[in-house]
Participant: 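Supplied in structure tokens, the structure appears directly below.
In what follows, residues are counted from 1 in the order of the sequence shown. What's counted below: heavy atoms across the whole structure, side chains too, no hydrogens, waters or symmetry copies.
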Amino acid sequence: MSVRWDLANVKKALDVGCGIGVWGRCLAPFLPSDCVLTGIDRESRWIEEARKRSAGIENIKALFQQGEAERLPFLDNSFDLVTCQTLLIHIKDPVAVIREMIRVLVPGGLLVIVEPSNIATSASSIDLKTPISELIGLLEFQLICERGKMNLGEGFNSAGPCVAGWLSELDIEDIKSYMSDKTSMFMPPYESARERAIIREVGEMSQRDFWIWNREDALRYFLAGGGIQDAFDARWSMALAKVQEVLSEIQKGTLRSTSAPIILLVSGRKKKPNSRLDPTGSSR
């Protein structure tokens with residue numbers, strides 16, 4: 001990572017929508033010891049938790065403060081690296097937030113955006129036992145809900161593939177895109193920390209009647225995406241049945257699978273003033 005992006009020259013970094021600071025902790029080992037990493041999030045509870053967990057960031061100085069991604073409380077050209085991870089999928093106008101991130105980035109500075117394609121992840125988890133009509137029905141249900149979430153201005157859950165295109169229309173050059181090669185493998189007796197964490201999550205989802213969203217939000221998104229009220233209950237029951245099926249296989253020790261979350265990492269650099277010159281040397 002440090003070689004790919006020349007992170008040795010990063011003295012000031014900004015993590016937008018930092019949450020509890022997980023992404024910042026992932027980046028910290030690759031940043032130089034004199035770097036200051038600032039995390040910003042709109043939720044005060046996440047900032048407090050990030051501060052508590054910042055003891056885990058040993059090699060650099062980490063600061064956390066409350067603020068809005070749409071109105072970053074920093075001067076122009078303030079950071080060598082500006083980044084976000086699973087932020088834009090929750091944003092009404094992701095391009096506006098990217099513009100803000102570019103504004104506080106120094107010319108030549110690095111922009112790194114990590115966002116998923118959740119619908120593609122769901123499609124990658126298809127198994128051969130489930131009837132085709134059910135598989136298509138679940139994907140259609142998720143697509144309608146994702147579209148509804150976007151229509152309501154609450155973000156697009158599969159924004160990852162859009163990011164490079166957005167950057168190409170902004171003040172960014174040297175755009176590169178990568179895909180995470182991380183997979184989630186389940187093999188009995190499910191002893192890895194990751195397997196145990198996901199099993200706990202699936203169990204909690206089952207107890208709370210939770211799918212990708214809770215029932216109330218899923219209904220709002222479904223209707224806003226063009227779904228029909230009378231069709232929702234059947235779709236919701238089908239989705240919960242799938243959660244229960246996974247939990248049942250785990251409890252019986254018969255779940256053997258590998259899933260691949262589709263997460264795209266897109267980077268680029270803020271154009272320097274001289275990059276605005278055309279081949280004749282005149283200003284555009």
Side-chain angles (χ1 to χ4, degrees), residues 17-27 29 41 43 45-46 49-50 52-53 55-56 85-87 89-90 114-132 134-143 145-146 149 155 157-160 179-219 221-222 233-265:
C18 65
I20 61 175
V22 173
W23 179 230
R25 291 197 294 277
C26 289
L27 289 174
D41 198 281
E43 299 289 341
R45 57 179 174 153
W46 299 141
E49 186 63 27
K52 291 177 184 177
R53 300 189 182 205
Q85 186 253 346
T86 56
L87 166 72
I89 59 173
H90 304 297
V114 183
E115 298 290 338
S117 176
N118 285 310
I119 193 66
T121 296
S122 295
S124 76
S125 301
I126 286 175
D127 63 82
L128 298 178
K129 298 181 299 180
T130 304
I132 292 175
E134 183 178 332
L135 293 171
I136 293 174
L138 283 169
L139 287 174
E140 182 185 47
F141 185 33
Q142 184 175 344
L143 278 167
C145 290
E146 285 202 14
K149 182 173 183 278
N157 262 35
S158 295
M179 189 169 74
S180 171
D181 62 358
K182 190 170 187 177
T183 62
S184 296
M185 185 173 69
F186 275 88
M187 291 292 169
Y190 317 123
E191 292 181 334
S192 73
R194 182 174 180 82
E195 286 172 312
R196 292 197 300 270
I198 294 177
I199 289 170
R200 285 195 301 271
E201 182 180 21
V202 173
E204 291 171 1
M205 288 170 63
S206 173
Q207 293 173 2
R208 293 187 290 132
D209 283 343
F210 190 95
W211 180 46
I212 298 170
W213 306 278
N214 61 41
R215 189 183 193 282
E216 180 182 355
D217 285 339
L219 176 58
Y221 298 154
F222 184 68
D233 286 341
R235 299 291 184 95
W236 183 249
S237 295
M238 184 170 58
L240 292 187
K242 194 63 179 177
V243 175
Q244 289 290 346
E245 180 185 323
V246 171
L247 183 60
S248 176
E249 288 194 31
I250 290 172
Q251 292 170 340
K252 291 185 292 186
T254 57
L255 181 64
R256 294 174 172 83
S257 70
T258 300
S259 61
I262 309 302
I263 301 174
L264 299 179
L265 187 155

Participant: Is a side-chain donor or acceptor of Glu195 paired with a backbone partner of Ser192 at a separation under 3.5 angstrom?
Facilitator: yes
Participant: Please round to the nearest 0.5 Å and tell me the distance separating atom CZ of Arg208 and atom CD of Glu204.
Facilitator: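 One gets 6.5 Å once the value is rounded to the nearest 0.5 Å.
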Participant: What are the two closest heavy atoms between Trp236 and Asp209, and how far apart are they?
Facilitator: CZ2-O, 3.1 Å
Participant: Okay, side chain of Ser248, backbone of Gln244: is any donor-acceptor separation there less than 3.5 Å?
Facilitator: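 Checking the backbone N and O of Gln244 against the side chain of Ser248, no donor-acceptor pair under 3.5 Å is found.
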Participant: When you measure from the side chain of Ser180 to the backbone of Lys182, do you find a donor-acceptor pair of N or O atoms at a distance under 3.5 Å?
Facilitator: yes
Participant: Donor-acceptor check, side chain of Asn118 to backbone of Asn157, threshold 3.5 angstrom: yes or no?
Facilitator: yes
Participant: Within this structure, what is the NZ-CG distance for the pair Lys242 and Leu135, rounded to the nearest 0.5 Å?
Facilitator: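 Between atom NZ of Lys242 and atom CG of Leu135 there are 6.5 Å.
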Participant: Considering non-hydrogen atoms only, spot the tightest contact between Ala50 and Gly19 and give its length.
Facilitator: CB-O, 3.7 Å
Participant: Check for a donor-acceptor pair, side chain of Ser117 on one end and backbone N or O of Ser158 on the other, with a separation under 3.5 Å.
Facilitator: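 Absent.
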Participant: With rounding to the nearest 0.5 angstrom, report the OG to CD distance, Ser206 to Glu245.
Facilitator: 12.5 Å
Participant: Enter the distance from Asp41:CG to Trp46:CH2 here, rounded to the nearest 0.5 Å.
Facilitator: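 One gets 8.5 Å once the value is rounded to the nearest 0.5 Å.
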Participant: Can a donor-acceptor pair be found, under 3.5 Å and without considering hydrogens, that links the side chain of Thr121 to the backbone of Ile262?
Facilitator: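 It does hold such a pair.
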Participant: Can you check side-chain contact (heavy atoms from CB on, under 4.5 Å) on Phe186 and Ile198, steps first, answer last?
Facilitator: CA-CA 10 Å; Phe186 275 88; Ile198 294 177; 3.4 Å; yes
Participant: Going by atom types alone, do Thr86 and Glu115 pair a side-chain donor with an acceptor below 3.5 Å?
Facilitator: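 No, no side-chain donor-acceptor pair sits under 3.5 Å.
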Participant: Between Arg53 and Val22, is there a donor-acceptor pair closer than 3.5 Å when you use the side chain of the first and the backbone of the second?
Facilitator: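 Checked: no pair found.
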Participant: Before you tell me yes or no, could you show the steps for Glu249 and Arg256 under salt bridge (Lys or Arg N to Asp or Glu O under 4.0 Å), namely the whole-Å CA-CA distance, both residues' side-chain angles and the distance that decides it to 0.1 Å?
Facilitator: CA-CA 9 Å; Glu249 288 194 31; Arg256 294 174 172 83; over 6 Å; no
Participant: What class does the angle between the rings of Trp211 and Phe141 fall in, given that below 30° is parallel, 30 to 60° is tilted and above 60° is perpendicular?
Facilitator: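 Ring orientation, 0 to 90° scale: parallel.
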Participant: How close do Thr183 and Arg194 get, counting heavy atoms only, and between which atoms?
Facilitator: O-NE, 4.3 Å
Participant: Considering non-hydrogen atoms only, spot the tightest contact between Ala218 and Trp213 and give its length.
Facilitator: N-CB, 4.1 Å
Participant: Closer than 4.0 angstrom, basic N to acidic O: yes or no for Glu146 and Lys149?
Facilitator: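 Looking at Lys149 together with Glu146, the answer is no, because their closest N to O distance does not fall below 4.0 Å.
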Participant: Quick one: which of Leu139, Leu138, Ile132 gives a side chain to side chain contact (heavy atoms under 4.5 Å, CB included) with Ile136?
Facilitator: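 Filter result, single survivor: Ile132.
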Participant: Is the count of non-hydrogen atoms from other residues, nucleotides or ligands lying under 6.0 Å from Met179 atom CE greater than 12?
Facilitator: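 No, CE of Met179 has 12 or fewer neighbouring heavy atoms, counting only those of other groups under 6.0 Å.
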Participant: Less than 4.5 Å apart, any side-chain heavy atom of Met205 and any of Leu247?
Facilitator: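 Of all side-chain heavy-atom pairs linking Leu247 with Met205, none is under 4.5 Å.
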Participant: So, Tyr190 side chain and Leu255 main chain: donor-acceptor pair closer than 3.5 Å or not?
Facilitator: yes
Participant: At their closest point, which heavy atom of Gly137 faces which heavy atom of Met238, and how far apart are they?
Facilitator: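 That would be C-CE, 3.7 Å.
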Participant: Nearest 0.5 angstrom please: Asp233 CG to Phe222 CZ, how far?
Facilitator: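 Rounded to the nearest 0.5 Å, the CG-CZ separation comes to 9.5 Å.
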Participant: If you compare all heavy atoms of Pro116 against all heavy atoms of Ile89, which two are closest, and at what distance to 0.1 Å?
Facilitator: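 Heavy atoms only, the tightest pair is CD-CG2, 3.8 Å.
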